[in-house]
S.K.: 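Let me begin by handing over the structure; questions about it come next.
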Amino acid sequence: MWKRIEAHSQPWDMIVVGGGATGVGVAIDAASRGYDVLLLEQSDFGKGTSSRSTKLAHGGVRYLEQGDLGLVMEALKERGLLLQNAPHLVHDLAFVVPNYDWWEAPFYGLGLKLYQLLAGKYGFGVSRMLSREETLERLPTLKTEGLRGGAVYYDGQFDDARLLIHMVATAHENGAILLNYVEVTGLTKDAQGFVDGVNARDDETGQEFHAAAKVVVNGTGAFSDRLRQRAEPAATPMIAPSQGIHLVFDSAFLAGESAIMVPHTSDGRVLFAIPWHGHTLVGTTDTPIPAATLEPVAQEEEIDFILASAGQYLAKAPTRKDVLSVFAGVRPLVRAANVASTAVLSRDHVVHIDRSGLVSVMGGKWTTYRHMAEDCVDQAATLAQLPERACVTQDLRIHGFHTAAGEFGSLSVYGTDAVAIRKLIATDATLADTLHPALPYVKAQVVWAVRHEMARTVEDVLARRTRALFLNARAALEMASTVADLMAPELGWDGMAKAKQLAAFRSVASNYCLGQ
Ligand SMILES: Cc1cc2nc3c(=O)[nH]c(=O)nc-3n(C[C@H](O)[C@H](O)[C@H](O)COP(=O)(O)OP(=O)(O)OC[C@H]3O[C@@H](n4cnc5c(N)ncnc54)[C@H](O)[C@@H]3O)c2cc1C
């Protein structure tokens with residue numbers, strides 16, 4: 001890809017800044033229309049918010065209450081398209097809303113029926129009321145005291161960072177060039193003051209370069225204002241960053257195959273407890289923060305709040321000692337006047353064009369990335385006077401597409417790539433060795449990640465190619481040196497480079513471990 005950049009003498013049709021769901025979505029959309037696209041990500045793909053979500057492809061039951069039916073319908077359609085185009089990475093999941101008060105059953109039952117109806121032909125499953133016994137059958141570890149019954153509805157679940165890696169491959173297969181560890185350090189302008197390219201720096205070599213473009217798209221999520229202000233220092237900030245955290249526990253805390261959805265916690269948020277990769281994921285919070293950082297840290301009050309809220313619903317209340325991993329992410333919410341709390345800010349997206357011609361696509365959510373990209377590319381192509389071409393992503397399959405990937409067991413998230421990973425193992429049986437007894441990952445996945453998924457650091461492998469760091473931070477720390485040993489010959493690391501990698505990983509991983 002570097003060679004393709006060096007040989008590129010004409011301006012790119014489009015340069016996309018940011019390699020999260022938004023930026024990579026834009027790259028897929030533009031490249032599949034036949035535009036010439038370069039995407040630059042300052043860290044790893046998904047290092048930002050896109051690996052730190054609740055991992056739900058959902059319409060957002062909560063937005064029903066805010067009366068935003070259009071937003072819910074749009075997201076439900078996108079949820080259906082995600083399942084259609086990436087069935088190896090997205091699946092449906094039953095969510096049970098437990099009722100402890102007499103009024104809850106009719107109230108939530110009706111809302112969930114509406115939610116199901118709004119999905120139309122993109123529907124997942126039939127929602128219905130559950131008796132007390134049926135509720136406990138689905139959620140055997142639910143607190144029984146005062147339980148009256150429940151309601152079940154269906155939504156989508158996915159592995160966010162894995163989907164993103166497969167989206168990067170999809171963009172590349174459609175002709176885009178995408179690089180991680182290249183930061184856009186500045187925007188350049190033509191004589192009229194229009195953005196006409198980017199200055200960038202390769203993090204690994206320190207090499208700086210300029211790339212010209214007919215249009216530059218800002219897909220930097222919670223960092224959007226920073227890039228906008230590089231084009232126009234006086235640009236009014238548009239992002240209201242808000243942090244959300246998740247705690248991960250052993251699967252025993254949530255026995256069965258259903259998730260719990262609590263529509264109203266004590267601070268008015270939704271709380272989810274979800275089975276994910278053989279563990280229990282509980283979240284989330286909504287804490288306004290002054291500015292986004294790449295490695296946000298969970299605040300003590302957020303941790304206490306999730307533990308206390310989970311304890312109200314789970315038969316065995318989890319404690320700090322039970323936390324296997326804690327992770328935080330920053331919502332790139334678009335500001336609204338006269339709104340007191342970020343919890344009520346719209347999750348709708350905005351395509352904003354600054355006077356400099358920088359196109360920023362902000363807000364939205366993971367589930368709607370495809371629609372956001374379509375909207376953004378339509379506007380960016382008009383601005384850049386690119387030849388008009390229709391969006392083709394509604395039916396575009398995501399790399400690895402496979403309708404029965406479950407047959408690959410713990411490699412199912414790779415879809416068709418699982419076949420190639422098995423072939424890799426056939427050439428060297430030691431690659432079938434697991435990396436840690438607590439997690440299903442095998443050595444072949446590390447080699448595969450370096451050779452085919454652009455993993456450049458130990459953290460890339462343990463946080464986003466596998467999800468070890470998010471599932472069990474201590475196990476990830478214990479796996480790190482084996483991972484570094486496997487990566488070293490692939491990437492030409494000497495002893496010092498390996499030690500540097502391990503030190504960097506330990507420093508990041510310490511944020512995911514809870515002190516007792
Ligand atoms: C706690 C939480 C839970 C959520 N749960 C869900 C959910 O269940 N379902 C759902 O649909 N949505 C969910 N969301 C929302 C969703 O995760 C986000 O909307 C989405 O991931 C945002 O993607 P993004 O690409 O805009 O931002 P990011 O993923 O943050 O990507 C932006 C990227 O830009 C890069 N960047 C910044 N500056 C530069 C530069 N100068 N040069 C190059 N690169 C740069 C960053 O490194 C980063 O990787 C959740 C969000 C949070 C915080």
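Counting starts at 1 for both ligands and their atoms, in listed order. On a predicted model such as this, the values are computed, not experimentally measured, just so you know.
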S.K.: Under the side-chain hydrogen bond (donor to acceptor under 3.5 Å, both in side chains) rule, collect the residues that match up with E204, sequence neighbours excluded.
M.R.: R456
S.K.: Hydrogens and angles aside, do R201 and T185 bring a side-chain donor and acceptor to less than 3.5 Å of each other?
M.R.: no
S.K.: Please list all pairs meeting side chain to side chain donor-acceptor pair (under 3.5 Å) that have one or both residues in residues 11-22, counting only residues at least two apart or in different chains.
M.R.: D13-K214
S.K.: Please produce the table of protein N or O atoms sitting under 3.5 Å from N or O atoms belonging to ligand 1, one pair a line, distance to 0.1 Å.
M.R.:
{"unit_1": "ligand 1", "atom_1": "5 (N)", "unit_2": "T54", "atom_2": "N", "d": "3.0"}
{"unit_1": "ligand 1", "atom_1": "5 (N)", "unit_2": "T54", "atom_2": "OG1", "d": "3.4"}
{"unit_1": "ligand 1", "atom_1": "8 (O)", "unit_2": "K55", "atom_2": "N", "d": "3.4"}
{"unit_1": "ligand 1", "atom_1": "8 (O)", "unit_2": "L56", "atom_2": "N", "d": "3.1"}
{"unit_1": "ligand 1", "atom_1": "9 (N)", "unit_2": "L56", "atom_2": "O", "d": "2.7"}
{"unit_1": "ligand 1", "atom_1": "11 (O)", "unit_2": "W366", "atom_2": "N", "d": "3.1"}
{"unit_1": "ligand 1", "atom_1": "11 (O)", "unit_2": "T367", "atom_2": "N", "d": "2.8"}
{"unit_1": "ligand 1", "atom_1": "11 (O)", "unit_2": "T367", "atom_2": "OG1", "d": "2.6"}
{"unit_1": "ligand 1", "atom_1": "12 (N)", "unit_2": "W366", "atom_2": "N", "d": "3.2"}
{"unit_1": "ligand 1", "atom_1": "21 (O)", "unit_2": "S50", "atom_2": "OG", "d": "2.9"}
{"unit_1": "ligand 1", "atom_1": "23 (O)", "unit_2": "S50", "atom_2": "OG", "d": "3.1"}
{"unit_1": "ligand 1", "atom_1": "25 (O)", "unit_2": "A21", "atom_2": "N", "d": "3.2"}
{"unit_1": "ligand 1", "atom_1": "25 (O)", "unit_2": "T22", "atom_2": "N", "d": "3.0"}
{"unit_1": "ligand 1", "atom_1": "25 (O)", "unit_2": "T22", "atom_2": "OG1", "d": "3.3"}
{"unit_1": "ligand 1", "atom_1": "26 (O)", "unit_2": "T22", "atom_2": "OG1", "d": "2.6"}
{"unit_1": "ligand 1", "atom_1": "29 (O)", "unit_2": "T49", "atom_2": "N", "d": "3.3"}
{"unit_1": "ligand 1", "atom_1": "29 (O)", "unit_2": "S50", "atom_2": "N", "d": "2.9"}
{"unit_1": "ligand 1", "atom_1": "29 (O)", "unit_2": "S50", "atom_2": "OG", "d": "2.5"}
{"unit_1": "ligand 1", "atom_1": "30 (O)", "unit_2": "T49", "atom_2": "N", "d": "2.9"}
{"unit_1": "ligand 1", "atom_1": "30 (O)", "unit_2": "T49", "atom_2": "OG1", "d": "3.4"}
{"unit_1": "ligand 1", "atom_1": "38 (N)", "unit_2": "R226", "atom_2": "NH2", "d": "3.2"}
{"unit_1": "ligand 1", "atom_1": "41 (N)", "unit_2": "V184", "atom_2": "O", "d": "3.0"}
{"unit_1": "ligand 1", "atom_1": "42 (N)", "unit_2": "V184", "atom_2": "N", "d": "3.0"}
{"unit_1": "ligand 1", "atom_1": "44 (N)", "unit_2": "Q42", "atom_2": "N", "d": "3.0"}
{"unit_1": "ligand 1", "atom_1": "47 (O)", "unit_2": "E41", "atom_2": "OE2", "d": "2.7"}
{"unit_1": "ligand 1", "atom_1": "47 (O)", "unit_2": "Q42", "atom_2": "NE2", "d": "3.0"}
{"unit_1": "ligand 1", "atom_1": "49 (O)", "unit_2": "E41", "atom_2": "OE1", "d": "2.7"}
{"unit_1": "ligand 1", "atom_1": "49 (O)", "unit_2": "E41", "atom_2": "OE2", "d": "3.2"}

S.K.: Could you pull out all residues at least two apart from R33 that satisfy salt bridge (Lys or Arg N to Asp or Glu O under 4.0 Å)?
M.R.: D29, D378
S.K.: Distance only, no hydrogens: is a donor on one side chain within 3.5 Å (strictly under) of an acceptor on the other, for T188 and H210?
M.R.: yes
S.K.: Side chains of S242 and D286: is there a donor and an acceptor less than 3.5 Å apart?
M.R.: yes
